[in-house]
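Take a look at the structure below.
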There are 2 protein chains.
Amino acid sequence: MSLRHALLGLLVEHPASGYDLLKTFGTSLANVWPATQSQIYGELTKLADSELIVVSEQGPRGRKEYTLTDTGLAELRRWLIETEPQRTRSDVLLRVFFLGVLTPQQARDYLDNQAAHATKLHEELKSLDGSIEWDDEDLSIYGRIALEYGQRFSAMQRDWAEWALTQVKDK
Amino acid sequence: MSLRHALLGLLVEHPASGYDLLKTFGTSLANVWPATQSQIYGELTKLADSELIVVSEQGPRGRKEYTLTDTGLAELRRWLIETEPQRTRSDVLLRVFFLGVLTPQQARDYLDNQAAHATKLHEELKSLDGSIEWDDEDLSIYGRIALEYGQRFSAMQRDWAEWALTQVKDK
DNA sequence: CTTTTCATGTAACAAGTTACATGATTTG
DNA sequence: CAAATCATGTAACTTGTTACATGAAAAG
């Protein structure tokens with residue numbers, strides 16, 4: 001149930017509407033925890049029902065701004081401290097297991113494509129890193145650590161795919 | 001819909017029952033694409049209904065052995081060639097974004113735990129790698145490539161978590 | 001005054017999890 | 001013959017996706 005906690009986490013900093021949060025999920029959280037509009041609005045309603053968040057302000061066009069409650073913050077901390085992150089599925093890797101059913105050229109095309117994707121992501125993250133002025137606020141520290149993860153991960157994927165390409169020989 | 005294709009992929013090599021496949025999901029695919037018993041049996045029934053697999057043999061205790069059909073193999077190839085792997089969610093990373101709500105010590109505990117998990121996984125994969133006699137069969141090649149991914153990924157996670165630990169200072 | 005953006009909601013479906021239920025066969 | 005293992009099935013629930021629907025307000 002991580003979406004729930006992602007929403008709580010985003011509301012720590014400042015109140016926001018579903019619409020605001022949707023944009024965050026479309027940008028900074030897009031590669032980490034994608035969520036759809038319908039899911040976000042639904043979950044916000046449930047969070048408000050259980051009083052982990054409250055509607056703190058109503059704006060124009062039916063806008064509802066949510067604020068994290070003390071109970072909500074406590075729940076976020078509990079999740080971080082007491083629960084283990086679930087292991088992640090990897091579609092990219094699953095496919096590798098079955099590349100033997102393709103021709104070597106088709107398999108290389110797949111790996112080549114993965115290398116290209118990883119390279120592109122790595123470039124984007126590197127440039128994002130360069131464009132931010134990091135200070136030593138909490139937000140910066142952990143944002144910087146998360147971004148570093150993305151950069152290391154995409155570099156690893158790129159290098160692995162390039163190495164794997166050399167392993168697939170024609171018959 | 002990757003579970004579907006994971007099952008097709010496993011049936012490429014030889015026929016198997018739901019029970020056999022469940023064991024594979026519990027071991028070699030456990031870290032790549034976990035699936036539950038209930039999910040596997042359900043999906044096998046659907047796959048048989050759409051004739052991507054067939055019941056090729058009935059054994060004792062109601063055992064049903066499934067075999068991949070030509071249509072099933074074609075569908076597996078189509079999936080590999082024509083569809084893009086979906087992006088993966090990362091619970092581990094999501095949590096990093098919110099570590100600022102914990103004390104520095106609690107945040108370090110989290111990162112320390114991640115480092116330990118990654119180290120353990122890396123050791124396991126390294127020893128698994130050492131215990132296999134790799135030849136140049138298709139199966140070996142792609143199995144080897146997949147295992148290499150696991151090793152590089154776990155090493156990356158370990159190194160990242162250890163680096164991150166040095167970034168979290170007390171106030 | 002038309003288009004774009006803001007803003008929320010819901011219905012239908014697919015995928016994944018947990019728990020329960022059942023019974024046959026093999027092993028000690 | 002008791003316990004472990006083999007083997008499948010299903011029901012209830014949660015999570016995630018796609019698509020449709022509606023309308024207010026701001027911008028040009």
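- Heavy-atom distances to DNA chain C give each of B:Gln86 and B:Gly62 a nearest nucleotide, and the one nearer the 5′ end belongs to B:Gln86.
- Side chains of A:Trp134 and A:Asp129: a donor on one and an acceptor on the other come within 3.5 Å.
- When each of B:Asp20 and B:Gly42 is assigned the nucleotide of DNA chain D bearing its nearest heavy atom, the one mapping closer to the 5' terminus is B:Asp20.
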request  = List the steps and the verdict of side-chain contact (heavy atoms from CB on, under 4.5 Å) for B:Leu10 and B:Leu29.
outcome  = CA-CA 10 Å; B:Leu10 292 176; B:Leu29 285 189; 4.0 Å; yes
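- From A:Thr24, atom OG1 reaches atom OH of A:Tyr19 across 12.0 Å, with rounding to the nearest 0.5 Å.
- Geometric assessment of B:Arg158 against the ring of B:Trp163 yields a negative cation-pi assignment under the 6.0 Å and 45° thresholds.
- Checked against D:dT5, C:dA7, C:dG9, the side chain of A:Arg63 finds its nearest nucleotide in C:dA7.
- No engagement by A:Arg4 is indicated, since no non-hydrogen atom pair under 4.0 Å with the nucleic acid exists.
- Regarding A:Leu22, its CG atom lies at a distance of 15 Å from the P atom of D:dG16, rounded to whole Å.
- Rounded to whole Å, atom C1' of C:dA14 lies 16 Å from atom CG of B:Asp49.
- A heavy atom lying under 4.0 Å from DNA chain C marks none of the residues of residues 72-85 of chain A.
- A:Ser38 comes within contact range of at least one nucleobase, with a heavy-atom separation under 4.0 Å.
- Put simply, CH2 on A:Trp79 and CD on A:Glu75 are 9.5 Å apart, with the number rounded to the nearest 0.5 Å.
- Between the C1' atom of C:dG16 and the CZ atom of B:Phe25 lies a distance of 13 Å, rounded to the nearest Å.
- Ring centers of B:Phe153 and A:Phe153: under 6.0 Å apart, within the cut-off.
- For B:Tyr41, whose side chain is taken as the heavy atoms from C-beta onward, the closest listed nucleotide among D:dT8, C:dT8, D:dA25 is D:dT8.
- One interatomic measurement links the two molecules: CZ of A:Arg89 to C1' of D:dG16, which rounds to 12 Å at whole-angstrom precision.
- The interatomic distance linking A:Lys64 (NZ) with C:dA7 (C1') rounds to 10 Å, in whole Å.
- Among the nucleotides C:dA7, D:dT10, C:dG16, the one closest to any side-chain atom of B:Gln39 is C:dG16.
- Side-chain contact between A:Tyr66 and A:Leu7 is absent, with no heavy-atom pair separated by less than 4.5 Å.
- Following rounding to the nearest Å, A:Arg87 (CZ) and C:dG16 (C1') show an atom-to-atom distance of 13 Å.
- Residue A:Gln37 is classed as a base contact, given a heavy-atom separation below 4.0 Å to a base.
- For the pair B:Lys46 and A:Thr45, nearest-nucleotide mapping onto DNA chain C gives the more 5' position to A:Thr45.
- Following rounding to the nearest Å, B:Leu7 (CG) and C:dG16 (P) show an atom-to-atom distance of 11 Å.
- Straight-line distance from the CD atom of B:Gln58 to the P atom of C:dA24: 16 Å, rounded to whole Å.
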